[in-house]
Amino acid sequence: MTDAALTPAQSAKARARAESEARLKRRYRAEARFRFYGRAAIILALAFLVLLLGRIGLQGYSTFTDYRVSLPVQVNADRVDMADLGGSNFNLTVAESALALLGETDDPYGEASAEMMAILSGDMGFQILDRLREDPSLVGQTITVQGPMKANASLYYKGQISRDTEVGGRLLSDRQLDWLDELRERGVVSGGFNWTFLSRSDSTEPEQAGVWGAVVGSAMMLFVTAMLAAPIGVLAATYLEEFAPKNRWTDIIEVNINNLAAVPSIIYGLLGLAVFINWLAVPRSSPLLGGLVLALMSLPTIIIATRSALRAVPPSIREAALAVGASRTQTVFHHVLPLAMPGMMTGVILSLAHALGETAPLLMIGMVSFVPGVPETLTSAATVLPVQIFIWENASERAFHERTAAAIIVLLVFMVLMNLVAVLVRRRFERRW
Amino acid sequence: MLIWIALLGLILFSVTAYAAGRRKVLSAAGGRARLMHSLPGYHGAYLALWTAAPAIILLLLVSLFGAQIEEIVLRADPPAAVSTLPDSTQDVFYNDVVATVTGGQVSQTIYDGALGSAFAEKLVQARDIHRSLTTGALIAAFILALAGAAMAWPRLSADFAARPRVERWIAVLFLACSVVAVLTTLGIVASLVWESWRFFQAVPVFEFLFGLTWDPQIAIRADQVASSGAFGAVPLFMGTFLIMMIAMTVAAPVGLFAAIYLSEYAGPTVRAVVKPLLEILAGIPTVVYGFFAALTVGPLFRGAFNSLGAQFIGGPLDGLGLYLMQVQNQMALVAGAVMGIMLIPFVSSLSDDIINAVPQSLRDGSLAMGATRSETITRVIMPAALPGVMGALLLAVSRAVGETMIVTMAAGLQARATFNPLDTVTTVTVQIVTLLTGDQEFDSPKTLSAFGLGLTLFLITLMLNIVALRIVQRYREQYD
Amino acid sequence: MTPMSNPRSSFKMTAQRDDALASAGTSRAAVGKVSATDVSVFYGDKQALFDVSLDMPDRMVTALIGPSGCGKSTFLRCINRMNDTIPGARVDGKIILDGEDINDRKVDPVLLRARVGMVFQKPNPFPKSIFENVAYGPRIHGFADNKTELADIVESSLKRAGLWKEVADRLQAPGTSLSGGQQQRLVIARAIAVSPEVILMDEPCSALDPIATAKIEELIDDLRSQYCIVIVTHSMAQAARVSQRTAFFHMGAVVEAGATDEIFTNPRDTRTQDYITGRFG
């Protein structure tokens with residue numbers, strides 16, 4: 001290496017050096033840019049996730065508290081027709097008692113009581129009816145009933161309806177707001193966990209609507225799906241992977257299964273409508289029907305997951321078993337299936353979790369109906385969680401939107417639980433080869 | 001009910017047969033299993049299978065198709081009061097008769113007068129048929145079980161090859177299960193084709209595929225059917241295409257870059273955190289996305305466009321401003337964008353697999369030449385992965401075309417032939433849902449058109465899937 | 001890959017490279033072109049190399065031999081910092097290339113790899129045409145100002161790799177359509193195209209048949225006149241045929257290094273002797 005003075009050759013080199021330096025800078029800028037795009041994509045995707053879950057959490061969490069009022073109700077004999085208990089207007093009785101508690105009386109046009117009825121749930125009227133049926137001697141006495149506030153009243157207590165809004169754009173009048181404040185001051189209103197939402201079924205009144213019926217419906221439907229899809233899927237996958245000869249027929253079955261897995265779910269709804277309802281006369285809207293349709297839908301994914309679990313068992317295990325004289329079937333049952341079990345279970349649970357959230361095919365088979373009770377058998381009309389979400393989303397009352405988000409939270413909790421089970425199974429039994 | 005009890009009895013019987021068969025061969029071999037061809041359990045299983053399987057198959061067939069058989073016999077001799085009724089009402093009538101007997105769901109129709117006596121008459125007949133069918137099935141099952149046991153019992157001996165025979169039964173069961181998948185496909189194709197064929201008798205295929213107006217009016221009276229509306233599906237196809245394009249515009253770049261970052265840049269920790277989070281995004285049910293689109297994104301976009309429009313009012317872009325002021329919650333852009341979010345994890349996980357399948361030696365080769373990571377990715381990895389990535393994107397397109405809930409909740413119902421993302425449009429899937437939910441008369445072209453749409457949807461997605469899966473498979477084989 | 005923090009360091013590297021090219025005529029056999037001192041490599045908690053010191057002189061072939069898993073390839077990958085691409089890998093010690101420590105934070109691995117080329121065990125042509133494979137390096141490093149210059153570089157590289165005659169008429173055919181031996185020579189041509197000073201070869205013949213191997217060995221002997229070549233090989237016969245210097249690796253350390261003739265005829269360490277006489281390995 002020499003330290004000579006600058007020669008023309010060396011200055012040419014210096015130019016070349018500067019050029020290559022600039023080029024390197026450009027290349028690193030391109031590198032940084034590319035990396036930024038990748039990072040931005042990830043951040044964007046995660047931001048969507050946070051936005052989606054956060055928004056639903058914010059919309060839904062308030063559903064889990066509700067406000068209940070406890071009122072002494074004077075059951076006047078002149079208001080009760082003992083011959084036709086159901087025909088009496090107990091809601092009016094409740095409203096009048098509430099007015100009396102606040103030191104007011106109804107006006108001749110019944111406007112005050114009507115406004116009062118609009119903030120107290122009709123549930124209390126039914127409670128009185130039930131108690132009178134049990135014990136008619138209560139007529140003329142004062143009984144204390146406890147029941148929920150109407151959804152809009154609860155929204156005010158939760159701060160979602162503000163006094164500052166103009167009266168026209170507000171769901172409650174000034175008088176109603178005054179009453180609500182006073183009821184709270186008198187200590188007859190108490191907030192607490194909303195058991196109603198978890199323990200009741202669909203209702204036309206938001207404050208009485210709950211997800212229990214839908215949860216039971218979902219559980220029944222998933223039970224049918226699991227009972228059908230899991231064994232059939234696992235056996236089919238085992239056949240294709242372990243027994244089937246490699247020929248044109250099994251190729252067709254294989255291509256067919258891969259394609260079925262990508263068929264839009266709504267098509268399965270059409271299949272259910274045409275085959276199960278119109279041909280096999282399975283009762284509409286029933287968990288049995290929903291389960292059948294979802295079983296057909298989950299079958300390909302279960303088969304694919306099971307096959308990959310079977311493929312993960314190394315061939316040396318099979319050879320070892322065959323070499324000691326086990327038959328093909330014995331090899332599969334004694335060695336391959338037990339080893340592939342965790343992978344298969346994970347696949348089955350994840351497919352079922354997916355089926356739990358599926359909505360579109362169920363709309364086709366009549367599950368979008370108002371079902372106020374808990375389904376009793378596999379063939380009675382039922383609704384399921386995702387469809388309940390769809391129905392409530394369509395409702396116009398604002399309180400139902402809050403409940404839709406809460407139902408989504410319930411659904412997501414169940415899905416998270418199922419995924420958690422799948423992860424635990426994988427962790428607990430995972431084997432690396 | 002009786003059939004279920006019979007099934008239980010059969011199972012108990014076969015368990016007994018299992019124990020008896022085992023005992024028989026064990027005593028025949030003098031208690032030493034080593035002298036036998038097959039283990040004693042296989043002998044027991046062989047006997048149990050022959051006892052229970054044929055009878056159970058018979059009972060299952062009867063319980064599946066019993067109602068159909070009963071109805072066919074009932075219809076053989078229609079009372080005068082019924083045969084004059086229209087076909088669909090006849091269906092309801094017979095359905096109610098059978099359901100009353102078997103305990104199924106009965107329609108709320110009230111039968112009185114001549115119809116009432118016909119109903120009572122048929123009810124008696126149906127009870128008879130039902131009773132004789134059930135008893136017949138039970139007797140036949142009993143005979144089958146005995147015959148099976150009688151056939152298998154004498155065969156059991158120490159050197160009888162029970163294992164291969166039991167294994168053949170198992171193989172048949174396995175095969176039957178994998179045939180279910182094929183039957184599903186056949187069922188889909190058959191039901192779609194059959195109902196669509198009925199639809200295309202009322203509406204010509206050409207009009208359906210190329211007609212520009214979609215307006216399936218409800219035919220309230222039977223004589224109104226002919227004038228029932230327009231079934232030109234082009235606006236639906238355009239709406240579906242528009243929303244799919246918007247969704248892919250969101251999902252393709254974000255999903256691809258996310259996959260590239262995860263597989264080429266991210267360290268193990270980042271991958272371990274981000275991948276499960278993306279899986280959560282993929283696991284969220286579509287109805288939740290629909291809710292998010294309808295109640296959050298829709299109003300948000302609408303507000304943004306409306307206030308943007310307000311800026312233009314009175315200016316040179318007054319017309320545009322007026323238009324933006326009238327934008328609704330339900331627009332193609334909202335449904336498309338939210339669907340795009342839904343597809344991000346789908347695209348990224350598929351692409352991630354594909355990029356990972358590119359051999360490490362190519363990466364090493366490029367890096368060893370002094371290429372930067374991004375040069376390696378854009379010049380070596382992506383060209384190599386391109387076919388696979390195209391396949392993944394096609395699968396995403398197929399998902400977008402078939403997606404139902406998001407569009408049902410956020411896109412709208414108006415069939416408009418437009419490519420304007422701010423308009424409300426409707427899609428094939430939305431129309432299927434709309435046509436088939438609520439009360440419906442099954443034979444009207446309106447309802448049947450849903451199957452025509454379903455068939456089209458099925459064929460389009462099937463083609464996309466076949467092409468995409470083949471591309472992906474070829475690609476995988478290349479690097480195996 | 002750290003973004004370039006100090007442009008002057010690359011300036012320095014380029015300058016030295018130019019000087020090295022300028023002094024190409026002088027003999028510098030005594031000083032290693034590449035010289036490693038106390039190099040240790042860790043993969044996570046596991047140590048793969050233990051204080052390896054080795055000189056690799058210019059215009060000579062240095063063979064690294066030893067049983068599988070002894071760290072030869074790991075060491076080779078240190079010389080062009082390919083270990084940087086493995087998450088969790090850490091390299092200690094000094095590797096001096098023409099007087100500069102290549103592990104210095106200021107050294108840009110991208111530029112380093114242009115100076116130190118590498119040929120892998122399995123031929124790994126990119127899924128592009130033969131022409132594009134060879135043109136890849138010159139393109140990304142901007143060595144050619146126009147198409148004819150690029151074509152010239154491709155032609156001369158293919159000629160030097162002894163592949164020109166076989167592929168001259170089908171430069172647009174995919175690189176993967178060549179035979180294994182041809183692919184390996186294509187990969188060597190690809191490495192030559194960026195005019196490296198050092199060429200690392202990681203068992204370049206292990207996936208090839210004997211005839212293709214003979215051709216590659218011939219090529220290595222040819223290339224020796226211009227480059228410093230480091231070759232990892234499993235075959236002692238190959239080491240004896242192509243190399244002038246040999247280092248014997250065992251359990252992540254260099255047991256013995258020296259002139260190839262010496263090592264093969266008169267090994268000082270018993271382990272070396274056991275290995276070359278085939279008692280283990």
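Computed from heavy atoms alone, side chains included, the values below leave out hydrogens, waters and symmetry copies. Chain letters run A, B, ... following the sequence lines, proteins first and then strands; every chain starts at 1. Remember, it's a predicted structure, so these values are computed and weren't measured experimentally.
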inquiry  = Would B/D364 and C/R77 count as a salt bridge (charged side-chain N to carboxylate O under 4.0 Å, His left out) here? Give the steps.
reply    = CA-CA 10 Å; B/D364 284 351; C/R77 291 171 71 93; 3.8 Å; yes
ask   = Going through the distances and angles, do B/S263 and B/N356 end up as a side chain to side chain donor-acceptor pair (under 3.5 Å)?
value = CA-CA 7 Å; B/S263 60; B/N356 277 329; 4.6 Å; no
ask   = Do C/E155 and C/K159 pass the salt bridge (charged side-chain N to carboxylate O under 4.0 Å, His left out) test, and can you show the C-alpha distance, the side-chain angles, and the key distance before you say yes or no?
value = CA-CA 6 Å; C/E155 184 178 337; C/K159 274 181 178 154; 2.6 Å; yes
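The ring pair (Phe, Tyr, Trp, His ring centres under 6.0 Å) check on B/Y289 picks up nothing, with sequence neighbours excluded. Listed by chain and number, the residues in a side-chain hydrogen bond (donor to acceptor under 3.5 Å, both in side chains) with C/N146 are C/T148 (sequence neighbours excluded).
Residue pairs meeting the salt bridge (Lys or Arg N to Asp or Glu O under 4.0 Å) criterion with at least one partner in residues 255-270 of chain B, sequence neighbours excluded, are B/E264-B/R363.
Proximity of a side-chain donor or acceptor of C/Q183 to a complementary backbone N or O of C/T176 within less than 3.5 Å is detected.
Listed options C/M118, C/H141, C/K122 were ranked by heavy-atom pairs under 4.5 angstrom with chain B; first place goes to C/H141. In terms of heavy-atom pairs under 4.5 Å with chain B, the best-connected choice from C/L200, C/I140, C/V187 is C/I140.
Between the CG atom of B/L462 and the CG atom of B/L457 there is a distance of 10.5 Å, given to the nearest 0.5 Å.
Looking at C/P123, there are no atoms closer than 4.5 Å to chain B (heavy atoms on both sides), in backbone or side chain. Contacts between C/F126 and chain B at a heavy-atom distance below 4.5 Å involve backbone atoms as well as side-chain atoms. With a 4.5 Å cut-off on non-hydrogen atoms, C/V116 touches chain B through its backbone but not through its side chain.
Scanning residues 128-139 of chain C against chain B with a 4.5 Å non-hydrogen threshold yields C/K128, C/Y136, C/G137, C/R139, sorted by number.
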